[in-house]
Structure formats: structure tokens, C-alpha cells
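Naming: A, B, ... by sequence-line order, numbering from 1 per chain. Basis for what follows: all heavy atoms, side chains included, without hydrogens, waters or symmetry-related copies.
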Number of protein chains: 2
Amino acid sequence: MASFSPATPQVLPRRAREMAPTETRFDRRLAKILAHATNVFCEKGYEGASMRDLSRSSGMSLAGLYYYFESKEKLLYLIQKHTFTTIVERLRERLDQVEDPAERIRVFILNHVEYFLANQKAMKVLSHEDDVLKNGYGSEIAGIKREYYRICMELLEDFKRVRGLQFSGRIAVLSLFGMMNWIYTWYNPRADANAKDLSRQMGDIFLQGICAPGKTRKKRSALAN
Amino acid sequence: MASFSPATPQVLPRRAREMAPTETRFDRRLAKILAHATNVFCEKGYEGASMRDLSRSSGMSLAGLYYYFESKEKLLYLIQKHTFTTIVERLRERLDQVEDPAERIRVFILNHVEYFLANQKAMKVLSHEDDVLKNGYGSEIAGIKREYYRICMELLEDFKRVRGLQFSGRIAVLSLFGMMNWIYTWYNPRADANAKDLSRQMGDIFLQGICAPGKTRKKRSALAN
DNA sequence: CTATTATTAGAACGAACGTTCGAACTATGG
DNA sequence: CCATAGTTCGAACGTTCGTTCTAATAATAG
């Protein structure tokens, strides 16, 4: 009889489930691979990137990669999960230190833009490969996203209450996300403002934008056909 | 000697270059295929969609498709070119009828959002598959995009001049594009506002946002670490 | 040293990819 | 009814895809 079953589906990479008391060599190696994969996914897209591309960029053999994760999809999941979790964590820490509703929205924007620019490639992979994960992986990321959205919506509702404003929170929040998440399509580190300036400018537009009704509207003219 | 050279690369589909005085059966058939392809590209992404998917959705054989276009890439090009050209055309017609700078920006937003919602799938394919076209195809679409950007920037500069405002036109324009182009990630026709209401609300946020300096800022506190 | 476990890679798997070829079919006009 | 051009398709091309098998190598503990 063989020493171990040939039907074993996977050797289950050592410490698959653990609280990570120490960062092992395995973890460090995996993190390296994730970093390389992020670059490749960013440049060629998830579907457009092949496992052979990942192998080349990380300097590890095609088969060797599978010691660290079980599928290409899981790899994307790990990248998105880590990125999204981190940005939410940092947001929570920062929000704890601020009370004024307007300033809390500014903190939200700064946190998002700052992390976005500091981890541009990972954030592009998070934004651009939004609905490619299926089933369990997809719904877990979607859950984090829903939570992130909820936090922003609450900040907005507080702001509305304290200022006595009335507007659609949903459209405001989604417009803000649009402004911020679109950055990856145009941002040029050598020409464009840094995170602090950029988030201040976007914050100006957004906060001023949702405030007063204003009179930028024109007469009801013969425009409408 | 053979009746025609076996080295002929392609049978060149009949009226490859013409001014289209009459809409032929060929044109109509191609348009149908483009419509089906738009749906598939929208749902699975350009890289994720296979020619066999397109064959299935359009009800035509795999080989039969190649009578109408020469490659998958050309197909994406045709979709993007037509979509982008049309939206710019309509914008020009509408802008000719309006003079007030603020109202012209509103026209820009309305035109974009209206077309976006009326052709949601095509616009997602245009926005989401932004940099997958290579070489000639890619640079032609990029040219239209640059022109579209330039038009919006001019509208903004006129607005700034007439109101005596000072802000970064680039960031404002790109924030506006972000708001609008992000729509495809969240819009739900059954729950969300129609094009006119949505563009009015985004117009309110944007125009109000770029106007006054406002006093939504807070004291310079101990926030900055 | 030896035994054991952790890690890596060569070679191959079947499936799916974009594309092409040649033969068929259909429509049209003489 | 034949000739010609327009249109469609089954079958196959060579390539690349994600993944796996198996064995070899490095690291570590006794």
C-alpha cells in the first residue's frame, strides 16, 4: 500500500488555517507572488493575464505557483480581499479621531484617495475587475464593498442632518465613488497633484456640490426639444 | 495557373470602402452582429468573451462571422467607434442651440448621461474596455476621446471666465467624467432616476461644486499626522 | 549523517482559444 | 436553366489556456 493516498486532491499548503502568530517563509513568499500578480493583472487585466505571465513576472515556475494558491481565481480573490480590507481598516482608525460631519467626509475622501494613489495597481485591480469573481469569492468581496458603501452613506446622512440638507444620498455617494475610482484611468504621478491636494480638491467639489441649492440654473428656455 | 492567387489574404467583404448611399443587407446584418456582440462583451468582458460565445448569441456559425469582420479586435473597434462617434455628434448638435456657459455644461452632462442610459451596454464596453485596443485601432479611439475631453474642457474654461472662478479644469473635468462613467457599475433602471433627473442631480453637484470657495472647511486641527 | 518535511520545476493533460479553408448553399439577372 | 456573386457553415488548423502529476531539490530536525 502506498505511503499516502494517491487520491489526495491537494497537499494543503501547510498552515492553511491559522491565526498567523509568526510570519512564515510561506507567507512572505505568497505576498511576493501577490505583488507580482497585482502588476500583471493591472497591465493585462484578469482575463488577459495568463498563469504563464504570472510565472514569468514572479520568476517561479508555472507549477510552483500552485503550491501557494489553488487557482487563478483565488489569486484575484486574495488580492482584492487584502486591498479592500486594509482600506476599510485604515478608514475606521481615522474616523475614530474626528467628530465634525464635514471633516469626517473629508477624512473618508482623503483615506480613499491616499490609499488609491499609494497602491494604484492594486486599486485598479479592485475597481476594474469588479464582477469577475464568482460565487463565494465574489459575494465575500461584495460584502466588504457593501459595508464600505454603508459607512460612506452614514457619513453623508450625518452631514445632511446637521446642515438640514435634502438630496439623494445614494446618488451623492455613488457620484463620489465615481470621481475617486475613476482616478486610475487618468492619474499621472509626474503631472498630477499628490494625494492630499487631490483629495482636498475633490472634497471641495463634492462638499460644496451637495450643499446649497444654488442658482447656477438658467431660465427654462427653449432648450428642451 | 489558378484562377486567383492562393496568396490572397482575404476575399474583402464586398463593399469594404464606400460612402453607403444605400443601406445594404450586408450593413444590416453586420449591425445585428455588433448589437449581439455588445451584449456579450458587456457581460463577459472583451477578453472573457469568446468568438464561440458571439457565434451562439448571434445565431451565426463561428466561420460565418468572419465574413463580416476580420478579427475580434476589429469587432470591438467597430462597437467603440460607432458609440463614441455618435455621442460626440449628438453633443455638437445640442451645443449649437445653447449659449449660456452654465447651461452648456448642463447640456454636456445631459447628453452624456442620456446616451449612457439609453445605450448602457455599449457605453460599458466603451468605458470598461478602454485600453485593450492596440496600435491603429487604439489610437483612433483615443483620438476621439481626446477630442471629447477637449470639448468639455472648453466648456469649463468658458464657465470659469464668465464667473471669474479659479480651479483646476483638469481635475474638474476628470471628476465629472468619473461621476458619469461610473454609472454603469451601479445603475438600476427599475430603482434609479431617469436620465433627465440623474443628469440634473449630477449637474447640481458638479456646478455648485466648482463654484464658490465655500466654507465647508474646518479649523486646521490635529488631524494631519 | 539520516529521515522528514517543505518547496520547486519539467512535462504533459484535455479543453478552449482565434482564425482559416473549401465546399456548399442561396439569391439574382440574363 | 445556367452563370455569377453573395452568404453560410462544418471541420480543422496551430496555439495557448488553467491545471495536475511526478519526481527532484532545498531546508530542517533528530
Side-chain angles (χ1 to χ4, degrees), chain A residues 2-16 18 22-33 36-37 40-41 44-77 132-134 137, chain B residues 2-16 18 22-33 36-37 40-41 44-77 132-134 137:
Chain A
S3 57
F4 59 88
S5 163
T8 300
Q10 175 103 4
V11 77
L12 96 81
R14 199 146 62 107
R15 47 196 301 284
E18 240 181 90
T22 61
E23 188 184 63
T24 66
R25 175 181 141 90
F26 181 91
D27 298 321
R28 266 177 278 118
R29 212 80 180 71
L30 174 57
K32 281 272 186 206
I33 294 173
H36 284 293
V40 178
F41 285 160
K44 318 185 79 167
Y46 172 75
E47 305 273 9
S50 72
M51 291 299 297
R52 283 156 184 88
D53 290 329
L54 303 181
S55 160
R56 204 172 309 114
S57 88
S58 64
M60 177 171 288
S61 77
L62 190 52
L65 291 173
Y66 281 87
Y67 178 71
Y68 290 94
F69 49 89
E70 54 224 79
S71 69
K72 189 187 174 192
E73 191 182 17
K74 173 102 180 199
L75 190 57
L76 177 60
Y77 161 79
V132 329
L133 289 178
K134 304 295 176 198
Y137 293 152
Chain B
S3 55
F4 59 88
S5 163
T8 301
Q10 174 105 6
V11 76
L12 87 89
R14 199 147 62 110
R15 47 195 302 284
E18 240 181 270
T22 61
E23 187 184 65
T24 66
R25 175 181 143 89
F26 181 90
D27 297 321
R28 265 176 280 118
R29 212 82 179 70
L30 174 57
K32 280 271 186 204
I33 294 174
H36 284 294
V40 178
F41 284 162
K44 319 185 78 165
Y46 172 76
E47 305 272 9
S50 72
M51 290 299 296
R52 283 154 183 88
D53 291 329
L54 303 181
S55 161
R56 203 173 310 115
S57 89
S58 64
M60 177 171 287
S61 76
L62 191 53
L65 291 173
Y66 281 88
Y67 179 70
Y68 290 95
F69 49 89
E70 54 223 80
S71 70
K72 189 187 174 191
E73 191 182 17
K74 173 101 180 200
L75 191 57
L76 176 60
Y77 162 78
V132 329
L133 289 178
K134 303 296 174 197
Y137 293 152

- prompt: Per the end-axis method with five pairs at each terminus, what is the bend angle of the helix from C:dC1-D:dG30 to C:dG30-D:dC1, to 10°?
  reply: 0°
Are the side chain of [X] and the backbone N or O of [Y] linked by a donor-acceptor pair below 3.5 Å?
| X | Y | value |
| --- | --- | --- |
| B:Y68 | B:A31 | no |
| A:E73 | A:K134 | yes |
| A:S55 | A:M51 | no |
| B:K72 | B:A49 | yes |

[X] has an atom [atom1]; how far is it from atom [atom2] of [N], in whole Å?
| X | N | atom1 | atom2 | result |
| --- | --- | --- | --- | --- |
| B:Y67 | C:dA27 | OH | C1' | 12 Å |
| B:L65 | C:dT20 | CG | P | 13 Å |
| A:F26 | C:dT5 | CZ | P | 17 Å |
| B:L54 | C:dG18 | CG | P | 8 Å |
| B:Y68 | D:dG6 | OH | P | 12 Å |
| B:L62 | C:dA16 | CG | P | 14 Å |
| B:R52 | D:dA11 | CZ | P | 14 Å |
| A:Y66 | D:dT19 | OH | P | 4 Å |

- prompt: Of all residues at least two apart in sequence or in a different chain, which pass the side chain to side chain donor-acceptor pair (under 3.5 Å) check with A:K44?
  reply: A:D53
Below 4.0 Å: OP1/OP2 of [N] and any side-chain N or O of [X]:
| X | N | result |
| --- | --- | --- |
| A:S50 | D:dT16 | no |
| A:S61 | C:dT8 | no |
| A:R25 | D:dA27 | no |

- request: Could you tell me whether B:K74 sits above the aromatic face of B:Y137, with NZ or CZ closer than 6.0 angstrom to the six-membered ring centre and within 45 degrees of the axis?
  value: no
message: At 4.0 Å (heavy atoms only), tell me whether B:R29 reaches a base, stays on the sugar-phosphate, or touches nothing.
response: sugar-phosphate
message: Could you report the tightest heavy-atom contact between A:L133 and A:Y77, atom names first, then the distance?
response: CD1-CA, 3.8 Å
Proximal nucleotide (of C:dG10, D:dT19, D:dG10) relative to the A:A63 side chain: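 My answer, after comparing the listed nucleotides, is C:dG10.
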